[in-house]
Amino acid sequence: MRLSQMLFVTLRDDPADAEIPSHKLLLRAGYIRRIGSGIYAYLPLMWRVLQKVSQIVREEMNATGAQECLLPQLQPAELWKESGRWDTYTKAEGIMFSLIDRREQQLGLGPTHEEVITTVARDMIRSYRQLPLHLYQIQTKFRDEIRPRFGLMRGREFIMKDGYSFHVDEVSLKETYQDMYQAYSNMLRRSGLAFRAVEADSGAIGGSGSTEFMVLADAGEDEVLYTEDGKYAANVEKAVSVASDVEVSPFTSYEKRETLGTETIEKVCNFLKCSPTQIVKNVLYQIVYDNGMTVLVLVNIRGDQEVNEVKLQNELTKLAANYGAKAIIALDVPNAEMQQTWAAKSLPLGYIAPDIADEYITANKQLHSQFLRLVDKTAVELKNFVTGANETGYHVVGANWGEQFKLPETIVDIRKARPGDRAVHDPEQTLQTARGIEVGHIFQLGTKYSQAMSATYTNEQGEENPLFMGCYGVGVSRLAQSAVEQSYDKDGIIWPVAIAPYHAIVTIPNIKDAKQLEIAQKLYTELNKAGVETLLDDRDERAGVKFKDADLIGIPYRIVTGRAINNGKVEIVKRATRETQEIAIEEVVNTLQQWIKTALEA
């Protein structure tokens, strides 16, 4: 392609609304243009990158025996209500665009396709002889992000590959899950990206085991905790660890003490001269289930630990059936305004004890009038601990479970793992931290959707059983931008060869020099014929402008038909390393073919 004939406009300054380097660079280099909040046009250079990423994804999926299809973006609300996720996606997370058509039918724009594919399976799979089956698509998805940001990282419209597998049992599901683990690793390796596969929370998709594939980058929104031995890595939402040791309490007898102005753990410790490991912290949450029921939850946790709200939500979702519900649509630490809707009397905030009475809650049809009490494992073994006294300005010391306070029946693991914690698999290993961009996520769904939507198969004995399902997603447009976030410099993008829009760019310093023009056009033609995808910068611009643009758009190899042509050579610059060398004109094609082959095989 000749740049003089291409839709190609670059910017010298960073756009005001771009926050991270990759977003700035993709806009400046003319890859994307913002159309609206979280909505972007993919311009010619970007579309070539996306096509290359899609092709790598396609090849790896097809190699596993998966079959490509295309599913509708418009999805009837009834399907999502069958699975129990309509309220979760339209109210709790609020990420689904929903609309009413002219027949007064409710529809959603697909953020994901579990319900649609389960409907297809329910209608078409009858026998175990049809299984296992794996279908995938590369499709535009829609999510009504409350705060779209970072360009293609968190947009309201994006390109994604999602796949779904169906099985007779969990053994077969796990085999495909492992195939996908390898396929996703291959996709990222072939795309030239440094990545880490980590244990992850399944979130609104659900199911049991899940793994995220994180492209490592400083601007990543996710925190990854891992060990140096390579045997453990997890998203911080999922990570587990061994808590630090408890210090022996200085208090040997129970008493109530005045502790004015000690609403925080730090202030309590300073006032009482104790360690936060000797404190039982009591944290109040308010949750709303999808049937409108509000439940107040009191969590007891060790004073030096923090509640992992993702783990907490998972535990509370397990209890949804106790309240006639299926899912949580809101989880908050109740502010003063929220408290006014249910508090029978003023709460001793900052001084709450594990046994705060249910009489603080008013009776209300939509409000469970008793506290749901949970205790984290870190607080269970504490002896002679410090905690609130249910009276503003007072704490108790030397308290014990089974004596002054009843230990809650529901013991949970909801603490947040932190860098520096000891690893569960080897206490000699400590958790390290890194930032990552989630570009892929694979799930073992089990029978969550098939049971909810009555998708069954008949086994060899003629019995009907629910289908076991797996779900596997990779963000195509997100992956493309993450490559930029991982590899750039002060001058612009540094694309990996495998997904660069073009392999090479031939730059003519002086378009009016007939010899430069002739050799450049000859190389441009020969390189493209030889399979080296090449741009020709034949614009009537200054050489400096052309060199700056070549660096900005990040093409791996720049060929310059400058002064060296007088010696029968051209200058070739490797974008990634800035390495420059002069190569005989007749050797350029073979040299670049070899470099590209080596880069793709690396």
Side-chain angles (χ1 to χ4, degrees), residues 87-95 144 146-147 256 258-268 279-301 303 305-376 379 386-396 405-406 408-410 412 414 416:
D87 285 342
T88 302
Y89 270 74
T90 58
K91 294 178 183 177
E93 296 191 19
I95 61 173
D144 190 8
I146 191 169
R147 191 187 170 198
K256 179 179 175 182
E258 186 174 13
T259 53
L260 291 172
T262 59
E263 300 87 353
T264 67
I265 296 296
E266 183 181 7
K267 289 178 179 179
V268 173
I279 295 177
V280 171
K281 179 168 60 176
N282 307 294
V283 188
L284 184 63
Y285 287 93
Q286 173 179 316
I287 62 171
V288 180
Y289 283 107
D290 57 358
N291 63 352
M293 176 67 71
T294 296
V295 178
L296 300 174
V297 183
L298 187 68
V299 175
N300 314 132
I301 191 168
Q305 303 298 318
E306 298 297 328
V307 175
N308 182 323
E309 292 186 358
V310 172
K311 291 182 180 179
L312 173 61
Q313 179 153 334
N314 290 340
E315 293 294 337
L316 296 173
T317 299
K318 294 175 187 176
L319 302 174
N322 295 348
Y323 304 101
K326 293 182 180 179
I328 292 170
I329 62 173
L331 184 153
D332 301 282
V333 174
N335 58 27
E337 185 179 348
M338 292 177 184
Q339 291 169 37
Q340 287 178 1
T341 64
W342 53 259
K345 55 184 178 177
S346 180
L347 290 164
L349 297 177
Y351 300 90
I352 290 175
D355 64 349
I356 189 168
D358 291 329
E359 65 190 36
Y360 278 88
I361 308 172
T362 58
N364 185 311
K365 281 186 178 180
Q366 290 305 109
L367 178 69
H368 187 66
S369 59
Q370 293 182 334
F371 288 107
L372 171 61
R373 302 169 192 271
L374 308 177
V375 60
D376 183 74
V386 177
T387 193
N390 285 333
E391 183 179 347
T392 298
Y394 289 87
H395 281 80
V396 296
F405 299 105
K406 178 183 177 182
E409 294 179 3
T410 308
V412 291
I414 53 172
K416 186 182 291 184

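Numbers here are sequence positions counted from 1. As a basis for the values below, the full set of heavy atoms in this structure was taken, side chains included, without hydrogen atoms, waters or symmetry mates.
- Open room surrounds CD on E266; 12 or fewer heavy atoms of other groups in view lie less than 6.0 Å from it.
- Within the 3.5 Å criterion, the main-chain N or O of G324 finds a donor-acceptor partner in the side chain of N291.
- No donor-acceptor pair closer than 3.5 Å links the side chain of Q370 to the backbone N or O of D358.
- Proximity of I279 to I265: side-chain heavy atoms (C-beta onward) are separated by under 4.5 Å at one or more points.
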(request) Given salt bridge (Lys or Arg N to Asp or Glu O under 4.0 Å), test K345 with E359 step by step and report yes or no. (result) CA-CA 8 Å; K345 55 184 178 177; E359 65 190 36; 2.8 Å; yes
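- Here the side chain of T259 pairs no donor or acceptor atom with the backbone of T262 at under 3.5 angstrom.
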(message) Apply side-chain contact (heavy atoms from CB on, under 4.5 Å) to residues L319 and V295 and explain how you reach the verdict.
(response) CA-CA 11 Å; L319 302 174; V295 178; over 6 Å; no
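- Residue pairs that meet the ring pair (Phe, Tyr, Trp, His ring centres under 6.0 Å) test with at least one member in residues 317-362, sequence neighbours left out, are Y289-Y323, Y323-H368, Y351-H395.
- Residues T362 and S369 form no side-chain contact, since every pair of their non-hydrogen atoms from C-beta on lies 4.5 Å or further apart.
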(request) List the steps and the verdict of side-chain contact (heavy atoms from CB on, under 4.5 Å) for V307 and Y285. (result) CA-CA 11 Å; V307 175; Y285 287 93; 3.4 Å; yes
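- Taking the side chain as every heavy atom from C-beta outward, Q286 and V297 never approach each other to under 4.5 Å.
- Between R373 and E409 there is no salt bridge, since none of the side-chain N atoms of the basic residue sits less than 4.0 Å from a carboxylate O of the acidic one.
- Looking only at side-chain heavy atoms (C-beta outward), I356 and L298 come within less than 4.5 Å of each other.
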Check residues 386-393 and write down every donor-acceptor pair under 3.5 Å in which the side-chain atom is one partner and the other belongs to a residue at least two apart or another chain.
residue	atom	partner	partner atom	Å
T387	OG1	V280	O	2.9
T387	OG1	N282	ND2	2.9
N390	OD1	A353	N	2.8
N390	ND2	D355	OD1	3.0
E391	OE1	K256	NZ	2.4

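- When the shell of 6.0 Å around CD1 of I146 is examined, it contains 12 or fewer heavy atoms from other residues, nucleotides or ligands.
- Panel note: side chain D332, backbone P334; no donor-acceptor pair is recorded below 3.5 Å.
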(request) Show your reasoning for whether side-chain contact (heavy atoms from CB on, under 4.5 Å) applies to L347 and L284. (result) CA-CA 10 Å; L347 290 164; L284 184 63; 3.9 Å; yes
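- Residues D290 and I328 have side chains not in contact (no heavy-atom distance under 4.5 Å, counting atoms from C-beta outward).
- Between I414 and E315 the shortest side-chain heavy-atom distance falls below 4.5 Å.
- With a 4.5 Å cut-off on side-chain heavy atoms, L316 and L374 count as touching.
- Here K281 does not pair with D376 in a salt bridge; the nearest charged N to carboxylate O distance is not below 4.0 Å.
- Residues passing the salt bridge (charged side-chain N to carboxylate O under 4.0 Å, His left out) test with E258: none are found, sequence neighbours excluded.
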